[in-house]
Amino acid sequence: MKWRILLGTLAIASVVGLLAFVALGERERMAGFTQSYHARQIEVGAALFENNCRTCHAPQGTGIEGLAPAINAADLFNGQRLTAIGYSGTVEDYVRGVIAAGRPIPSSGTNYPNRMPTWSQRYGGPLREDQVDSLVAYIMNWDEQAPGGAQPTAAVPSGDLAGTDISAALPQGEAESGQALAETLGCAGCHLLSTVGPAWRAEGSQRGIGDRAAERILQADYTGQAASAEQYLFESIVTTDAFVVPGFEPGIMPANYGQRLGKQDLADLIAYLLSLR
Amino acid sequence: MSLFRVHLPILDEIKAKGLKPALRDKADDVVTRVTAGLNTAEVRGVLRGDPPGRPNPRLKPHDEGFWLHMRPTYYHNLLDGLYPTFRLGWLSTFFFAFEVLTGVFLMVYYTPSPLVAYENMLNLLSNVPFGRLMRDMHKLGAELMVIVVALHMLRTFVTGSYKKPRQFTWATGVVLLGVTLVLSFSGYLLPWDQLSLWAVTIGASMVEAAPPEMVGRTLNLLVRGAPEIGANGLLRFYLLHIIGLPLVGVVALGVHYYKVIHHGHSLPPEAEEVGVDTAKRVPMERRTYFMPDILTRELFYVSALLALLIGAAAFFYHAPLEPHADTLVTPLHTTAPWYFLWVQGMLKLGDKVLWGLIIPGILSAMLLVLPYFEVGPSRRYGDRRVGLSLGAVAVIALAVLSYMGTPYYGVSTSPDQEAIATLLPQTHPGPLRLAPWEELIVGSYEASAWSSAPTGALQDLLQAFDEEVQRVESAERTGVEGIMVIEDWQAGLKKITLRVLWTETASGESGEFSQTAYLHRDSNYGQGE
């Protein structure tokens, strides 16, 4: 009986001691769990990014010109981008909001005419809230080391502006520099990498843009002014809605290429397009 | 004249006896009321271990009080220690109470909705003082309770205590075993992580197999609340866990306890004549009174057990918490909870309906009515060779079936997936996630060249990978290679790709299976959750 009382008292004392010991460590333990859970969110977010986002935003989130902007970019994290669009919340809220609800309307005046789909299940997307949170944690983890921001769009080009007069004479174009331009301008984003715009390359029974350009102007439903393949391409680039290929939406392609391209650039692009047969 | 009259007898007593004696008597009175019959002097005597007066005033609380009327006034001195009952029945009740108390704490922080249940777990772990301790203790208590209740039944079987007149006690005990198992199982779903979702999905799919098809489908809808487990299913499991089953448990426990008092504790088989039950005719000199001996022992057990449980939960045992439940991702090697592995093992024997429902159903029914058809009068071991052998066979069969229920038996997965799952399992952290992050040095490594890896941790990982990769080599697949690529992916984040490559002998084409993991510096998988 006596040893039992002694041991029992010891046991009660050790219960109190253990609870006190746990209590002393609780603050640190909770902070530790918060940190390690945040780290696991980043891991989960990385996998989600790889499966859902990389096709448009590139594997390291540096963006694909013309398809989707860079999110691994200093101007997002230092607030410049938010100031530019007049968003007053935090970067994290902005990222979460855009992922969850997507971009129902393409950003006007930018080089990204694609709509971003909604991702949160709340708005009909595929991801749960915790998955959206994980993606946000992953994207926000770029904060420290994000590179200098999106490449500045080319300033006013050298030489004569292309303008919108499709009957104007163009210099001799070079297909190779046209191809390089198609990538830096972001044309590839819609016309090669996704189906937002008519595909340039030959696909199945459909021939390349170089062949189609000559045929389009002969079609009964053609609404533009072009009289040759070159003029058709000229017109499609600078007066984007003069003729919209059936099955595609008007107003998606930026209408300012006449002011952004020089005559030589335009000629190069046309030469490149005509080479795609 | 007054609307009501107040009469305080204590004032009269103070007037009559003086302040101090009056208050002392009053205190004594209160103690007697609370203890249902013991005054202060007697309580002191109990605690000091003094011999009782005659007639024994310590029997009064058993007669007048609610709680002690469920406990016997005395034990036979052959049964008053840990042997031979191991106090397993008492322990089961202790764990029931323990689970109720820790469970109420957890309920405060829990909402039964798939939208927030997992977040509640995170909140409990990251923001609630003692949150993890309570969760760990609840889970640990649940696992131990299953073991204790099962052992209690086994002990009752071995000592033949289920025999006449205790048949009904046994039957209520079987009900309580069922309640314990389903309670534990229903609690599995509540954290809404991958572990819970898939363990319960496996369990609930048994219900769906019930013939005919309409019954199975209806039962499945009733249990899961929808064709698949979702918001309704979670709510149903929650209500079952916190109200339904505890209610059934309390009712069955009440009957079980009453029967134990009514028939007395059965004595060791060799202590009484064959066919005679002397549990209620204990000679005076063999009695150990509940008060004070059994009571102080139990108080001691409670304090010691609490210390052990808190210590275990604080330092050794952490309830797992896997990633958020995802109905689209089935982890490789999901299993039922360990106490239902035997059913999963039986399922591998053949037909789902026969082995998953009919046979376990028949076995449970047989267990329930065992004492009504096993009516041999003797409880002695020597007279029960057949019964005890059958019991031993049943225990061994359960163990074998449980082994067969694990993924190690009769599950055909491709060896390439197994090779990667060795390092990167989907049901627990596994060696790669537990490896020291700094030692995962960026580079591309071949498993076969594990000995030239730059760090010890990498060498161990690659060696384990190599052993598994070699099993992919077969007549159909040759030239098997295992590759691990580690890339720096983000600040504090590494991307690790495991690839198994081979050449198909028949077609000469090359095949590949690969899996990617991202590991963060701080993710710290070594803590259970």
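Throughout, a chain's letter reflects where its sequence line sits, starting with A, and its residues are numbered from 1. Keep in mind that this is a model prediction, so the values were computed, not measured.
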Revision key, fill the gap. ring-ring contact (aromatic ring centres under 6.0 Å, His included) pairs touching residues 56-87 of chain A, sequence neighbours excluded, are A:Tyr87-A:Tyr94
Study note, to complete from the structure: Turns out that what part of B:Arg433 lies under 4.5 Å from chain A's heavy atoms comes down to neither
Study note, to complete from the structure: Okay, B:Ala313 and chain A: the region with an atom under 4.5 Å from a heavy atom over there is neither
**Study point:** Residues in residues 46-55 of chain A that sit under 4.5 Å from chain B, counting heavy atoms only
**Key:** A:Ala46, A:Ala47, A:Glu50
Check your understanding: Do the side chain of A:Thr62 and the main chain of A:Ala58 share a donor and acceptor less than 3.5 angstrom apart?
Key -> no
Review point. Does NZ or CZ of A:Arg40 come closer than 6.0 Å to the centre of the six-membered ring of B:Tyr525, within 45° of the ring's axis?
Key: yes
Check your understanding: Which residues, numbered in order, of residues 483-498 of chain B come under 4.5 angstrom of chain A by heavy-atom distance?
Key -> B:Trp489, B:Gln490, B:Ala491, B:Leu493, B:Lys495
**Study point:** Side-chain (A:Glu65) to main-chain (A:Tyr112) donor-acceptor, under 3.5 angstrom
**Key:** no
Review point. Taking all atoms of both residues into account, what is the closest heavy-atom pair of B:Glu322 and B:Gln426, and its distance?
Key: OE1-O, 4.1 Å
Review point. Is A:Thr34 reaching over with its side chain to a backbone N or O of A:Met30, donor-acceptor style, under 3.5 angstrom?
Key: yes
Review point. For residues B:Glu228 and B:Thr327, is any side-chain donor paired with an opposing acceptor at under 3.5 Å?
Key: no
**Study point:** Greatest number of heavy atom pairs closer than 4.5 Å to chain A - which of B:Tyr301, B:Phe300, B:Phe315
**Key:** B:Phe300
Point to revise | Heavy-atom pair count under 4.5 Å with chain B, highest-scoring of A:Arg128, A:Glu129, A:Gln131, A:Gln60 | key: A:Arg128
Practice item. Indicate whether any N or O donor in one side chain lies under 3.5 Å from an N or O acceptor in the other, for B:Thr288 and B:Asp80. Key: yes
Point to revise | Donor-acceptor contact present, side-chain A:Ser120 to main-chain A:Arg122, <3.5 Å | key: yes
Check your understanding: Taking the six-membered ring where the residue is Trp, are the ring centres of A:Tyr123 and A:Trp119 under 6.0 Å apart?
Key -> no
Check your understanding: Looking at B:Gly230 and B:Pro114, what are the two nearest heavy atoms and their distance?
Key -> C-CG, 3.9 Å
Check your understanding: So what's closer than 4.5 Å to chain A heavy atoms on B:Val302: side chain, backbone, both or neither?
Key -> neither
Review point. For A:Gln206, does the CD atom have more than 12 heavy-atom neighbours from other residues, nucleotides or ligands under 6.0 Å away?
Key: yes
**Study point:** Which atom of B:Lys139 lies closest to which atom of B:Pro320, heavy atoms considered
**Key:** CE-CD, 4.3 Å
Check your understanding: Heavy-atom distance under 4.5 Å to chain A: side chain of B:Leu309, backbone, both or neither?
Key -> neither
Review point. Backbone N or O of B:Asp522 within a donor-acceptor pair of the B:His520 side chain at under 3.5 Å?
Key: yes
Exercise for review: Using non-hydrogen atoms and a 4.5 Å limit, figure out which bit of B:Ile310 sits close to chain A: side chain, backbone, both or neither.
Suggested key: both
Check your understanding: Which pair of non-hydrogen atoms, one from A:Leu82 and one from A:Gly89, has the smallest distance, and what is that distance?
Key -> CD1-O, 4.0 Å
Point to revise | Donor-acceptor pair, side chain of A:Arg29 and main chain of B:Leu125, under 3.5 angstrom | key: yes
Exercise for review: Enumerate by number any residue of residues 15-28 of chain A whose heavy atoms lie under 4.5 Å from heavy atoms of chain B; in the absence of such residues, state 'none'.
Suggested key: A:Val15, A:Leu18, A:Leu19, A:Phe21, A:Val22, A:Ala23, A:Glu26
Revision key, fill the gap. Residues B:Ala312 and B:Leu140: closest non-hydrogen pair is CB-CD2, 3.9 Å
Check your understanding: Top residue by heavy-atom pair count (under 4.5 Å) with chain A, among B:Thr516, B:Asn127, B:Leu519?
Key -> B:Leu519
Exercise for review: Identify which part of A:Asn141 has an atom lying under 4.5 Å from any heavy atom of chain B, answering side chain, backbone, both or neither.
Suggested key: both
